[in-house]
2 protein chains.
Amino acid sequence: MATEIPDIVIGRLPIYLRELRRLQAEHDKLTTSSHELGERLGISSAQIRKDLSHFGEFGKQGTGYHIGYLVDQLCQILHLDQVWPVVLVGAGSLGTALAYYDGFRPRGFEIRWIFDTDPSKIGHEINGMCIQAISELEETIARHKIAVAIIATPASAAQEVTDFLIESGIKAILSYAPLHLSAPAGVHISYSDPVTELQRMTYYLG
Amino acid sequence: MATEIPDIVIGRLPIYLRELRRLQAEHDKLTTSSHELGERLGISSAQIRKDLSHFGEFGKQGTGYHIGYLVDQLCQILHLDQVWPVVLVGAGSLGTALAYYDGFRPRGFEIRWIFDTDPSKIGHEINGMCIQAISELEETIARHKIAVAIIATPASAAQEVTDFLIESGIKAILSYAPLHLSAPAGVHISYSDPVTELQRMTYYLG
DNA sequence: TTAAAATTGTGAAAAGTTACACATACTCGA
DNA sequence: TCGAGTATGTGTAACTTTTCACAATTTTAA
Ligand SMILES: NC(=O)c1ccc[n+]([C@@H]2O[C@H](COP(=O)([O-])OP(=O)(O)OC[C@H]3O[C@@H](n4cnc5c(N)ncnc54)[C@H](O)[C@@H]3O)[C@@H](O)[C@H]2O)c1
Ligand SMILES: NC(=O)c1ccc[n+]([C@@H]2O[C@H](COP(=O)([O-])OP(=O)(O)OC[C@H]3O[C@@H](n4cnc5c(N)ncnc54)[C@H](O)[C@@H]3O)[C@@H](O)[C@H]2O)c1
């Protein structure tokens, strides 16, 4: 039980959490089962049970899982018992949508600072936040001990931005720029590229 | 060689293609090697060779891969020797950013129609496209034989929209709504949820 | 011409992941 | 209290994916 937990297991926990929250919002039922959860997510119940068993025994035979309790446990495991402050770099059309997005806060994240290099954007406000010059990035991250950043710059700037973020102390980056980023061990990077997702699907279309 | 190719292999091909295009744009070198490509992507060279070997022998011993030729082959495999017309559902802040995004076209996709249910949005233009009522969706998809759609509606509408898209003939959907969607076999669904990505990373942060 | 270097494609081994199936334990109603 | 039903947690088997390592081929340079 104390061995290294596979990344692939960690990756499913947020999905479970998301669906449990939906169950909480929909039903007034207090419990669910690995079978119900799996049914709703297209995942086998055995897999859900095995995944959760890496972290403890959260269920009860005959009954299933208490939804609220499991949500709490998953939040603890994923370190979501706090709101993570987030830095956004790139205040273009995507960055602006992200800055206005109200779906981060209730799930544990909040974009609090926005940076850009375009002098015509610096000083303008987006959703109550002032777009700041990149020159202020390092001190902001240090002062507020920020660990999480989102990159929404063009691909051409993304590696340079990444290097600077990491140098400044950022430990997790979600990048929307369509390229692989290099980072030292200990820094976590996720990607969101709609085109690779679409291309993956068109393989299967005649 | 003629057996079923694993999904996980298909999923890496767009990444290879993306990096090959970057190589094309950067260098004037005409060839690359599995080692160079792997180095740039953080993937082992053996994996790249094995992946490609599912589809044929594209390389040359001692030399590596001709970049242009490999790009062409990957485009053929992924059915990117055409531009796929795409329907966008949901003209909110994210949908608007997507509608303006100029990164789709050069990689094989083009958003051509935008649908929404909000009467105050219908009739307005985004990037030269008129926002249309959902009631026109079915006929548009049929008339233009559209196979690909992007969902950028709130989660609460997404399953209903999905059902309608599929009923109308859509075969591949990229959804930004933060929930699992049900679809019959033969319909492909991909997801983009920044929060699950961030949550996956915070697991590793103290 | 020859030897060293580079590089592929691939069979086989290793590692990782998922599915199976069942002992165990709780619930509910008679 | 009992028996039927439900559902967990898990050891093991089956399957999938990655890595290894090398024969074969081409390039390069002496
Ligand atoms: N627009 C979309 O819908 C969409 C969708 C998916 C992915 N993306 C990707 O997201 C990224 C942003 O897309 P966008 O459409 O918002 O682009 P955009 O051109 O509208 O905005 C990019 C912003 O980044 C800023 N920028 C450039 N260099 C910078 C630097 N070194 N430091 C800080 N800021 C810098 C620019 O000034 C600009 O404000 C791109 O990589 C794009 O490929 C966009
Ligand atoms: N804004 C972001 O940066 C962002 C980032 C990631 C994911 N998302 C997700 O993307 C989706 C859209 O986000 P948003 O911020 O653009 O929301 P939004 O509220 O700005 O826009 C949603 C749009 O969908 C339309 N809509 C509602 N029901 C519809 C229906 N049945 N058919 C067609 N259109 C319908 C609404 O009229 C509205 O125009 C949400 O699910 C959100 O969680 C948004």
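Keep in mind that this is a model prediction, so the values were computed, not measured. Proteins come first, then strands; the chains are lettered A, B, ... in the order of their sequence lines, and each starts at number 1.
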Solution key, residues 165-176 of chain B side-chain donor-acceptor pairs under 3.5 Å, sequence neighbours excluded:
residue: B:Ser168; atom: OG; partner: B:Phe164; partner atom: O; Å: 2.7
residue: B:Ser175; atom: OG; partner: B:Ala177; partner atom: N; Å: 3.1

Kindly list each side-chain donor-acceptor pair under 3.5 angstrom involving residues 28-39 of chain B, sequence neighbours excluded, with atom names and distances?
residue: B:Lys29; atom: NZ; partner: B:Glu36; partner atom: OE1; Å: 3.1
residue: B:Lys29; atom: NZ; partner: B:Glu36; partner atom: OE2; Å: 2.9
residue: B:Thr32; atom: OG1; partner: B:Glu36; partner atom: OE1; Å: 2.4
residue: B:Ser33; atom: OG; partner: B:His35; partner atom: N; Å: 3.4
residue: B:Ser33; atom: OG; partner: B:Glu36; partner atom: N; Å: 3.0
residue: B:Ser34; atom: OG; partner: B:Arg49; partner atom: NH1; Å: 3.1

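Within the 4.0 Å cut-off from OP1 or OP2 of D:dG9, not a single side-chain nitrogen or oxygen of A:Arg49 is found. Side-chain nitrogen and oxygen atoms of B:Tyr65 include none within less than 4.0 Å of the OP1 or OP2 phosphate oxygen of D:dT26.
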Stepwise, does the side-chain contact (heavy atoms from CB on, under 4.5 Å) test hold for B:Leu137 with B:Gln132? CA-CA 8 Å; B:Leu137 179 59; B:Gln132 298 179 66; over 6 Å; no

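Between the side chains of A:Asp163 and A:Gln159, at least one donor N or O sits under 3.5 Å from an acceptor N or O.
Between A:Tyr203 and B:Phe55, the ring planes lie perpendicular to each other; the angle is over 60°, past the 30° to 60° tilted range.
Atoms NZ (A:Lys29) and C1' (D:dT6) sit 13 Å apart, rounded to a whole Å. Residue B:Leu70 contributes atom CG, which lies 10 Å from atom P of C:dG9 at whole-angstrom precision. Summarising the geometry, the separation between CG on B:Leu37 and P on C:dA6 is reported as 19 Å, rounded to the nearest angstrom. Spacing between atom CZ of B:Phe58 and atom C1' of C:dT10 amounts to 15 Å, rounded to whole angstrom units. Rounded to whole Å, atom P of D:dT8 lies 9 Å from atom CD1 of A:Ile48. Distance, A:Leu52 CG to D:dT8 P: 9 Å, rounded to whole Å. Atom pair B:Glu57:CD and C:dG11:P shows a separation of 11 Å (rounding to whole Å applied). B:Glu4 places its CD atom 16 Å from the P atom of D:dC15, with the value rounded to the nearest Å.
Counting only heavy atoms from C-beta outward, the side chains of B:Leu74 and B:Phe58 never approach each other to under 4.5 Å.
Pairs passing the side chain to side chain donor-acceptor pair (under 3.5 Å) check and including a residue from residues 82-98 of chain B, sequence neighbours excluded, do not occur.
At the heavy-atom level, A:Ser45 lies nowhere under 4.0 Å from the strands shown.
Contact detail for A:Ile43 and A:Gln47: the closest heavy-atom pair is CG2-OE1, 3.8 Å.
Listed by chain and number, the residues in a salt bridge (Lys or Arg N to Asp or Glu O under 4.0 Å) with A:Arg40 are A:Glu19, A:Glu26 (sequence neighbours excluded).
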Heavy-atom protein contacts under 4.0 Å, nucleotides 13-18 of chain C, coded B base, S sugar-phosphate only, - none: ----SS

How does each nucleotide of nucleotides 25-30 of chain C score, in 5' to 3' order, for protein heavy atoms under 4.0 Å: base (B), sugar-phosphate only (S), or none (-)? BBS---

